[in-house]
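Below is one structure, written out as structure tokens; comments come after it.
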Amino acid sequence: MPKKPYYITTAIAYTSGKPHIGNTYEVVLADSIARYKRFVGYDVRFQTGTDEHGQKIEIKAFENLSTPKEFVDEVSTEIKNIWDLMNTSYDKFIRTTDEYHEKQVQKIFKKLYEQGDIYKSEYEGMYCTPCESFFTPSQLVDGKCPDCGRECQPAKEEAYFFKLSKYADKLIEHINTHPDFIQPESRKNEMMNNFLLPGLQDLCVSRSSFKWGVPVDFDPGHVVYVWIDALSNYITGLGYDADGVSDELYRRYWPADLHLIGKDILRFHTIYWPIMLMALGEPLPKQVFGHPWLIQSDGKMSKSRGNVIYADDMVDLFGVDAVRYFVLHEMPFENDGVISWELVIERVNSELANTLGNLVNRTISMANKYFDGVITNAHDVQSVDDELKKVVIDTRLKVNTCMDKLKVADAMTEIFALFKRCNKYIDETMPWALAKDPDQSDRLNTVLYNLVESIVVGATLLEPFMPETSAKILKQLNAEKRRVTELSTFGLYPSGNKVTAEPEILFARIDANAMLDEIERRFPSKVVEEVVEEEKPKKKERPELKIPTVEAVVKGEITIEEFGKMQLQMGEILSCEAVKDSKKLLCSQVQVNGRVLQIVSGIKNYYSPEEMVGKKVVVITNLKPTKLAGVLSEGMLLCAEDFEGNLALLTAEKDMPAGAMIS
RNA sequence: GGCGGGAUAGCUCAGUUGGCUAGAGCACAUGGUUCAUACCCAUGGUGUCGAGGGUUCAAAUCCCCCUCCCGCUACCA
């Protein structure tokens, strides 16, 4: 019988820098599923890769004194090396700078344009300068800016737009009739309630403010929006062709069975991507799973303090399979998982060293001590054996149930329950007592045989999650990995086989204090400087895997007179408080000359009201007053904003009095 | 502000359509054991099941209200 195809993908990693353990987790998770599916008999194709375009990369490369291509070559290689280090069994590593990919992206874009799903906007009267926003005709209210109600101006920049709304009803229908399409299910509501049901807005799918992207071949000066580019990887990696001459691979593996992605990019995968596919006339992926994140709980380790945890450092300290075990087992299905060095050490000691490693070690030691390593099934069966056998046989089904629901952590727990049951069996049967009585030799043989057999089954099931450890155990027991069809039978280990004479420690117990000292030596925490930080609003660490960035808009030329219309002045913040019922707004009383202006700003996530007081900042003082969250705001505090959306207030380079003019 | 999800043992959580003395793992304590990596096995406890009210023979579970947390989204002049 021919194998059924199974196509699984991860998100492609954004090549803006080295991925940390939270990003790496995704590939390991995908790998465990891919390996499991292969084991149970699927013809698996597992694709991952790197997403290499966009303005952010253009800038990073520039800062790095290299060309974008040189930069992404380097980072992509680094990412691939980490994926390899983690022992991930991908079949295809795609790069969005690969020629065949870029070519297809151009074709896809062109096809959508030619069939009218993508259109070029003319922008006359559709750019609202104060709002710095572009609007499509459908968004305008009476021809005016839907945000501020002011006249919109013709803009210099043209762009292409994708008519998402055309396919919205079809997508809603699809989501409703395919309850497993979006996982976990709670995310489905978010997509429906926030985007689909209120009505989709057309998506701007080209950029002309920077160059590092796939050029729109029929309109030089525009590059394809990075998401259109990135999402296409799932089909271009299979040899999809927009002109209809796709490879055999594509016909075999598409539609994908599972897109595994971070929960932060679910919107792109459950709205934009399906609509793209509908427009192309291709079937939709069967399932998109937005997994949670691994986060650092106490803030002791955070990027800003330069001590993020990286996969390669962890592997160096603990070994590949310990890291795989940790990330797979600690990550729940729906909530974020927590990672810290202490937790890793604790798990390695209690589960890997104690439960599993010690079990294998003590079993082999007894076999050597009592029978020179020869394992014989003497068939001296007692009723206590039954429960062990039942657990061993049942584990395969339990694991399967978990894996079908993508509950990888639970599947691992089942496998370790098998190992724990083995430990209990040893206590129940007391081999050391049997060894003292020559008449019990058959019984002792049988007990050891049952143990070895059980461990072989466990090791087989462990392979998708900890391939190296699985192989090591089987080797020490001189056994072959079982086939899936053999797992319902107990007693296939060849009687008379000999286990290794020198059992190797699988996982050494870790001295927590010594290890933590070593970690501190290698990755000194920059510590304590921020003692007073307590109440400071904290920004949560997010993985960098594919956070969409907003490219800076290139604005049209203005005259000095136009600039002169803005009244910029230094202002001193006299007092400041949070705006009630608002998550981001602070309301400041700002002194400028003799006046005190009340200004509302969306900076609560970056500044506390207390620390605002006394600051001298740059203010636009002649901005038309407006109400924000019901509070009057009579100006604007100027801020710089980086790619992550972090804000910093502007101040003068030397101390200047409140009211000082800026020109 | 809108939509959604949570609040259960010291910690992380499970509790299916309301039903027997509310569970698991970790941690802790005691006992056992010695084949093994100071390991393994057994036993144990406190829970106002976030607060209050209601429906019911019966509520952690259903309804109302309150408090707090989280996610997405809007706003962030």
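Owing to the predicted nature of the structure, the values given are computational and were not obtained by experimental measurement. Chain identifiers are assigned alphabetically (A, B, ...) following the order of the sequence lines, protein sequences preceding nucleic acid strands; residue numbering begins at 1 within each chain.
As rounded to the nearest Å, B:rC20 and B:rA59 have P atoms that lie 11 Å from one another. Annotation: B:rC11 and B:rC64 have their C1' atoms spaced 33 Å apart (nearest Å). The P atoms of B:rC41 and B:rA22 are separated by 27 Å, rounded to the nearest whole Å. When the C1' atom is compared between B:rU34 and B:rG50, the two are found 48 Å apart, to the nearest whole Å. Look at the C1' atom in both B:rA14 and B:rC49: the space between them is 13 Å, to the nearest Å. With both ends at atom P, the span from B:rU17 to B:rU12 equals 26 Å, rounded to whole Å. Annotation: B:rC68 and B:rG31 have their C1' atoms spaced 43 Å apart (nearest Å). Comparing the P positions of B:rG15 and B:rU8 gives a spacing of 14 Å, expressed to the nearest Å.
Taken residue by residue, residues 179-189 of chain A places heavy atoms nearer than 4.0 Å to RNA chain B at A:Arg187, A:Asn189.
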Q: Would you mind building the protein contact string for nucleotides 33-38 of chain B? One character per nucleotide, 5' to 3', B for base within reach (heavy atoms under 4.0 Å), S for sugar-phosphate only, - for untouched.
A: SSBBB-
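Here B:rU16 presents its C1' atom at 11 Å from NZ of A:Lys405, a figure rounded to the nearest Å. Atom CG in A:Asn193 sits about 9 Å away from atom C1' in B:rG2, given to the nearest Å. In this structure, the CG atom of A:Leu586 is 14 Å from the C1' atom of B:rC75, given to the nearest Å. The CG atom of A:Asp410 sits 13 Å away from the P atom of B:rC13 (whole-angstrom rounding). Between the CG atom of A:Asp336 and the C1' atom of B:rC13 there is a distance of 15 Å, given to the nearest Å. Rounded to whole angstrom, the span from the NZ atom of A:Lys424 across to the P atom of B:rG32 amounts to 19 Å. For the pair A:Glu330 CD and B:rC26 P, the computed distance is 12 Å after rounding to whole Å. Rounding to whole angstrom units, CG of residue A:Leu451 and C1' of B:rC40 are separated by 12 Å.
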Determine all donor-acceptor pairs shorter than 3.5 Å in which one atom belongs to a side chain in residues 185-192 of chain A; sequence neighbours excluded.
unit_1: A:Ser186; atom_1: OG; unit_2: A:Glu334; atom_2: OE2; d: 2.9
unit_1: A:Arg187; atom_1: NH1; unit_2: A:Glu190; atom_2: OE1; d: 3.1

Tabulate below the donor-acceptor pairs under 3.5 Å that side-chain atoms of residues 502-510 of chain A make, not counting sequence neighbours, or state none.
unit_1: A:Arg509; atom_1: NH1; unit_2: A:Asn354; atom_2: OD1; d: 2.8

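Among the atoms of the strands shown, only primed sugar atoms or phosphate atoms (P, OP1, OP2) are found under 4.0 Å from some heavy atom of A:Glu346. At a threshold of 4.0 angstrom between heavy atoms, the contacts of A:Thr413 with the nucleic acid are absent.
Under the side chain to side chain donor-acceptor pair (under 3.5 Å) criterion, the residue pairs touching residues 410-430 of chain A are A:His329-A:Thr413, A:Arg362-A:Asn423, A:Asp385-A:Tyr425, A:Glu387-A:Arg421, A:Arg421-A:Glu428, A:Tyr425-A:Asn450, with sequence neighbours excluded.
Look at A:Glu572 and A:Lys615 and you find no salt bridge, because none of the NZ, NE, NH1 or NH2 atoms lies under 4.0 Å from a carboxylate O. The residues A:Asp336 and A:Lys263 are annotated as salt-bridged, a charged nitrogen and a carboxylate oxygen being separated by less than 4.0 angstrom.
Residues passing the salt bridge (charged side-chain N to carboxylate O under 4.0 Å, His left out) test with A:Lys390 are A:Asp394, sequence neighbours excluded. A search for ring pair (Phe, Tyr, Trp, His ring centres under 6.0 Å) contacts involving A:Tyr370 returns nothing, not counting sequence neighbours. The ring pair (Phe, Tyr, Trp, His ring centres under 6.0 Å) check on A:Phe465 picks up nothing, with sequence neighbours excluded. For A:Phe419, the ring pair (Phe, Tyr, Trp, His ring centres under 6.0 Å) criterion is met by A:Phe416, not counting sequence neighbours. Annotation: ring pair (Phe, Tyr, Trp, His ring centres under 6.0 Å) contacts of A:His178 (sequence neighbours excluded): A:His174. Checked against side-chain contact (heavy atoms from CB on, under 4.5 Å), A:Lys369 has no partners two or more places apart in sequence or in another chain.
Side-chain nitrogen and oxygen atoms of A:Lys263 include none within less than 4.0 Å of the OP1 or OP2 phosphate oxygen of B:rG71.
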Q: Using the side chain to side chain contact (heavy atoms under 4.5 Å, CB included) rule, take A:Asn377 and A:Asn445 through it: C-alpha gap first, then chi angles, then the decisive distance, then the call.
A: CA-CA 6 Å; A:Asn377 189 358; A:Asn445 262 312; over 6 Å; no
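For A:Asn194 against B:rC3, a side-chain-to-base donor-acceptor contact under 3.5 Å is absent.
Using the six-membered ring where Trp is involved, A:Tyr449 and A:Tyr493 have ring planes that are perpendicular, over 60° apart on the 30 and 60° scheme.
In the set B:rG4, B:rG71, B:rC26, B:rG71 carries the atom at the smallest distance from any side-chain atom of A:Glu190.
Looking at RNA chain B, the stems built from 3 or more consecutive Watson-Crick or G-U wobble pairs, each pair with its key distances under 3.5 Å, are B:1-7 with B:67-73, B:10-13 with B:23-26, B:28-32 with B:40-44, B:52-54 with B:62-64.
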